[in-house]
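Structure record follows, encoded as structure tokens.
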Amino acid sequence: MPLADLRNRLLRNPRFRAFAGRVWPFRYIARRQARRLFDISAGFVYSQVLMSCVRLGWFEALADGPRALDELASEGRLSDAAVRRLARAAHSLDLTEARGREHIALGSLGAAMVGDAGIAAMAAHHEVLYADLHDPLALLRGEKKAGLSDYWGYAGSESAERLQRESVAAYSRLMAASQPMIAEQVLDAYDFSGHRHLLDVGGGTGAFLDAVHGRFPHLQRSLFDLPGVLAAREAPPGALHLHPGSFVDDALPQGADLISLVRIIHDHDDDRVLTLLQRVREALAPGGTLLIAEPLAGTRGARAVGDAYFGFYLLAMGTGMARTVAEIDVLLAEAGFTPAKRHSTAIPLICSVLTAVAK
């Protein structure tokens with residue numbers, strides 16, 4: 001009998017569970033497993049505690065030091081009982097911590113929220129996702145249209161012109177806010193110094209390219225995205241060359257020796273990803289490099305992010321999937337690239353980095 005089957009038989013047995021709860025080290029394992037299972041069940045509640053703190057602005061309010069609970073209650077239009085209930089919940093999640101009976105300060109996780117617009121933006125954005133997941137089986141069966149698919153309208157659109165007329169400001173702002181933490185992971189994992197010209201495809205308003213310029217100012221930079229998205233860029237183009245278009249309909253500009261796809265391919269199904277990779281291959285000379293940065297399925301230590309979180313997030317979006325390296329390699333080979341080389345990132349749950357060479 002496989003060990004996993006034996007383990008499951010034991011865990012199903014009430015007598016064994018009772019025994020495990022009394023005997024060390026089984027007791028420690030049993031408690032840890034119970035906590036993990038409860039955390040899965042209670043995860044939505046935890047997320048709403050975080051959401052409440054974000055919407056009330058507590059992390060910014062506490063950035064300069066402890067604050068009195070009655071002040072926070074007044075600012076948030078909360079009763080004394082409500083502010084204390086939220087504070088105790090936030091303390092338990094290390095978002096805040098008590099300072100005496102009447103004051104609170106940032107906790108270790110709350111401190112990490114300060115100044116990170118990406119995390120706060122994603123927490124606020126999750127309101128749309130959670131509404132879509134109210135009935136997950138209906139979503140899996142295709143019985144309901146998810147609101148997230150409207151938010152990410154580009155993902156299911158065949159027409160760049162239609163999106164040019166629609167509002168793209170909401171997702172452009174979210175991508176720009178979350179891009180710095182992605183850029184940091186990519187720039188620490190891959191050395192851009194050996195390249196002369198970077199084309200970022202689907203790079204929104206150019207936040208990633210701006211970060212690259214900060215470390216590698218010699219690099220010529222180009223940005224390809226939908227016209228309506230590029231129009232949302234507030235910074236002057238400067239040395240950043242803007243190329244409006246849709247990879248579904250248009251060829252990519254030539255001349256770059258490095259093309260990046262940052263959180264792009266997991267937004268699309270295989271047929272569209274293959275089209276994109278073929279466009280990239282056509283734009284690169286043999287020996288040119290493709291860089292892919294995004295969360296991957298099957299990543300050790302981050303499987304829940306790729307397989308569970310993005311699995312359902314992209315389901316609600318209406319297109320795309322997190323892929324393993326092996327699944328990406330199949331598409332790369334068909335498009336004319338070598339197998340992917342993986343570059344280690346400090347926090348793989350945020351993103352992994354792959355490079356492939358045009359044949």
- request: Could you name each residue pair satisfying salt bridge (charged side-chain N to carboxylate O under 4.0 Å, His left out) that touches residues 309-332, not counting sequence neighbours?
  value: D270-R323
- request: Verify the ring-centre separation between F192 and H213: is it less than 6.0 angstrom?
  value: no
task: Could you tell me whether R84 and D80 make a salt bridge, using a distance below 4.0 angstrom between a side-chain N and a carboxylate O?
output: yes
message: Ring-plane angle category for F310 and H266, please: parallel below 30°, perpendicular beyond 60°, tilted otherwise.
response: tilted
- prompt: Would F247 and H268 satisfy ring-ring contact (aromatic ring centres under 6.0 Å, His included), going step by step from the backbone distance to the final call?
  reply: CA-CA 12 Å; F247 71 79; H268 301 283; 5.6 Å; yes
query: Looking at the rings of F44 and Y130, which for Trp means the six-membered one, are their centres under 6.0 Å apart?
result: yes
Side-chain donor-acceptor pairs of residues 351-359 under 3.5 Å, sequence neighbours excluded:
from : atom 1 : to   : atom 2 : distance (Å)
S352 : OG     : R342 : NH2    : 3.1
T355 : OG1    : H343 : NE2    : 2.7

query: Does the side chain of H91 pick up a donor-acceptor pair with the side chain of T96 at under 3.5 Å?
result: yes
Salt bridge flag under 4.0 Å for residues R67 and E102: no
Atom pairs and distances, donor-acceptor, side-chain atoms in residues 180-190, under 3.5 Å, two or more places apart:
from : atom 1 : to   : atom 2 : distance (Å)
Q185 : OE1    : A346 : N      : 3.2
Q185 : OE1    : I347 : N      : 2.9
D188 : OD1    : R215 : NH1    : 2.8
D188 : OD1    : R215 : NH2    : 2.9
Y190 : OH     : H195 : NE2    : 2.6

query: Charged N to carboxylate O under 4.0 angstrom, R279 versus D250?
result: no
task: Report yes or no: does D269 contribute a side-chain atom to a donor-acceptor pair with the main-chain N or O of T319 at less than 3.5 Å?
output: no
